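Down below is the structure, laid out as C-alpha cells.
The shown structure was predicted, so the numbers you read here are calculated from the model rather than taken from an experiment. Letters A, B, ... mirror the listed sequences (proteins, then strands); counts begin at 1.
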There are 2 protein chains.
Amino acid sequence: MEITRKAEYAIRILSYLAAKDTGENVPSALIAEEQEIPANLVPQLVAALTKRGWLTGTRGAGGGVRLAQDPEQITIKEVIEFIEGPIVISRCLVAPEACSRRTACPLNQVWARAQQAMLDVLGGTTIADLVKAKCTR
Amino acid sequence: MEITRKAEYAIRILSYLAAKDTGENVPSALIAEEQEIPANLVPQLVAALTKRGWLTGTRGAGGGVRLAQDPEQITIKEVIEFIEGPIVISRCLVAPEACSRRTACPLNQVWARAQQAMLDVLGGTTIADLVKAKCTR
DNA sequence: TTTTAATATAACTTATTTGGTTAGTTTTAT
DNA sequence: ATAAAACTAACCAAATAAGTTATATTAAAA
C-alpha cells in the first residue's frame, strides 16, 4: 500500500535537477549526497530516467546528467508508474477478467473509484509544481 | 501499493454475512466455501472481526458467526485499517517527524492529498452499500 | 596515450511483507 | 463421550522491495 522508495527517489532526483536548471552536468555522486539517496542506487535510477528521455547523460570525466524535458510535462504519476509499473490498489483491478465476480461485485467499483481519486491527484501534480513549492531537497 | 487479500477477505466476509441477515449462525467452513477463501484463513479473520465487535460467535456444534453490528456503520476504510493497520501511501506520512524535509517538502503534501482522496472514497462506502449493490459473493 | 571520472547495465544479496499453514485449546450441542 | 465448532498462537514459504556489487563503456584530462 505504499509508494516504493525507488519511485520517491526518482521524483526527488527529477525535481532536484529541475530546481538546479543550470544546464550543467550533475554527477550521480553529488545527487546521492545532496538528496541523501544510497550512492549505489542513484546511477541505476538516473540511467532509467535517461532511457525514458527525462534526463540526458554525458559519460566520462566532467560528465553527469541534466533534465532533458520540460518539468511541467512530467507528472508524479508518470514517474511512479515508470519505476514501479501501473499503480493498482487491488489485484481485482490488475486482471479483472480473471475475477469471476467482476460484473456483480461492487468492490471492484469501490477500488476503481478510490484509485482514480488518488491518481487524479498524482496525475495533476508535475515536477514543476514541486519545484515551485520550493522542494529542492 | 495494494490492499491485502486478508483485508479484502474480511470485507467479503462481512458483506456476505450482512447479505444473509437471517440471524442464524454461519460456520467458517461454509463462509470459506461460498466465498472461495482459503479454509484455514477464515477462522482467523472471523475471530478478529468478532473481537472487534462486528461479529458475534457461538462455539460448539451448530455454532458459527453472524453480524453483530449495523452494516451501515461499518466502512470499508475501517475494515482495511483494522486488518492492515493505518493506510499510508508513503513512509513520509507514517512518521513525518522523522523526515528532515517535512516542512519544506511539498511531496508530503502531495502524498497527503492523494491519500486523503482515496480514503474519502473508502471511508464513504459501507458494508451496507456493498450489499445494496448486490455483492453477496 | 594512459589514467581517471563518469554513465550505463546486469546480476546478486538481504530484509521485509504477504499469504497461507499447522497445531492446539476451549466450548457446546447431540 | 463425541463431534463440531469458535478461538488462539506460532510458524513457514513465496514474493517483493531495497540495496549491494561488479563490470563494461565512454570521454575528458593529464
Side-chain angles (χ1 to χ4, degrees), chain A residues 1-13 17 24-33 35-68 80 83-92 94, chain B residues 1-13 17 24-33 35-68 80 83-92 94:
Chain A
M1 198 60 223
E2 288 184 16
I3 311 274
T4 62
R5 291 198 186 178
K6 285 180 182 175
E8 192 172 318
Y9 292 156
I11 295 168
R12 284 187 12 221
I13 289 170
L17 292 173
E24 79 191 52
N25 291 327
V26 183
S28 293
L30 182 60
I31 298 176
E33 188 189 346
Q35 283 295 313
E36 299 170 48
I37 299 172
N40 294 323
L41 245 171
V42 177
Q44 276 181 358
L45 291 168
V46 152
L49 297 173
T50 299
K51 214 169 190 176
R52 176 66 176 74
W54 285 328
L55 301 182
T56 164
T58 309
R59 295 185 178 195
V65 293
R66 57 184 188 281
L67 206 64
I80 296 172
I83 298 291
E84 297 183 7
I87 298 172
V88 281
I89 69 169
S90 166
R91 283 161 188 77
C92 301
V94 183
Chain B
M1 199 56 223
E2 289 183 16
I3 310 277
T4 62
R5 292 200 183 177
K6 284 179 183 176
E8 193 172 316
Y9 292 156
I11 294 168
R12 280 181 22 215
I13 290 170
L17 292 173
E24 79 191 53
N25 290 327
V26 184
S28 291
L30 182 60
I31 299 176
E33 189 189 346
Q35 283 294 314
E36 299 169 48
I37 299 171
N40 294 322
L41 243 170
V42 177
Q44 275 181 359
L45 292 168
V46 151
L49 297 173
T50 299
K51 215 169 189 174
R52 177 65 177 73
W54 285 328
L55 302 181
T56 163
T58 310
R59 295 187 180 195
V65 294
R66 56 184 189 281
L67 206 64
I80 297 171
I83 298 292
E84 298 183 7
I87 297 172
V88 281
I89 68 168
S90 165
R91 285 162 187 74
C92 301
V94 183

**Asked** Of all residues at least two apart in sequence or in a different chain, which pass the side-chain contact (heavy atoms from CB on, under 4.5 Å) check with Ala7(A)?
**Response** Ile3(A), Thr4(A), Ile80(A), Ile83(A), Glu84(A)

**Message:** Do Leu45(A) and Ile31(A) have side chains that approach each other closer than 4.5 Å (heavy atoms only, starting at C-beta)?
**Reply:** no

**Prompt:** What is the distance, rounded to the nearest whole Å, between atom CG of Leu55(A) and atom C1' of dT7(C)?
**Reply:** 12 Å

**Nearest-0.5 Å distance that lies between atom OG1 in Thr58(A) and atom CD in Glu24(A)** = 11.5 Å

**Asked** Is any side-chain heavy atom of Leu41(B) less than 4.5 Å from a side-chain heavy atom of Lys6(B)?
**Response** yes

**Fill in**
From CD1 of Ile13(A) across to P of dT7(C) the rounded distance in Å is 11 Å

**Request:** Evaluate the side-chain proximity of Asn25(A) to Val65(A): yes if any heavy-atom separation is below 4.5 Å, no if none is.
**Result:** no

**Prompt:** When the distance from CD1 of Ile83(B) to C1' of dG20(C) is rounded to whole Å, what number comes out?
**Reply:** 15 Å

**Euclidean distance, atom CG of residue Leu45(A) to atom C1' of dA17(D) [Å, nearest integer]** = 13 Å

**Complete:** note: Arg66(A), atom CZ; dA6(C), atom C1'; distance rounded to Å ~ 14 Å

**Prompt:** Could you state the CD-P distance from Glu2(A) to dA17(D), rounded to the nearest angstrom?
**Reply:** 11 Å

**Request:** Using whole Å, report how far CG of Leu41(A) lies from C1' of dA22(D).
**Result:** 15 Å

**Item:** Per-nucleotide protein contact string for nucleotides 3-15 of chain D, where B marks a base within reach and S marks sugar-phosphate only (heavy atoms under 4.0 Å, - for neither)
**Value:** -BBSS-BB-----

**Prompt:** Is Arg91(A) near enough to dG19(C) that one of its side-chain N or O atoms lies under 4.0 angstrom from OP1 or OP2?
**Reply:** yes

**Fill in**
Value for OG1 (Thr56(A)) from CG (Leu49(A)), rounded to nearest 0.5 Å, stands at 12.5 Å

**Prompt:** Given dA18(D), is OP1 or OP2 found less than 4.0 Å from the side-chain N or O atoms of Tyr9(A)?
**Reply:** no

**Prompt:** Atom CD of Glu84(A) and atom P of dA17(D): how far apart are they, to the nearest Å?
**Reply:** 7 Å

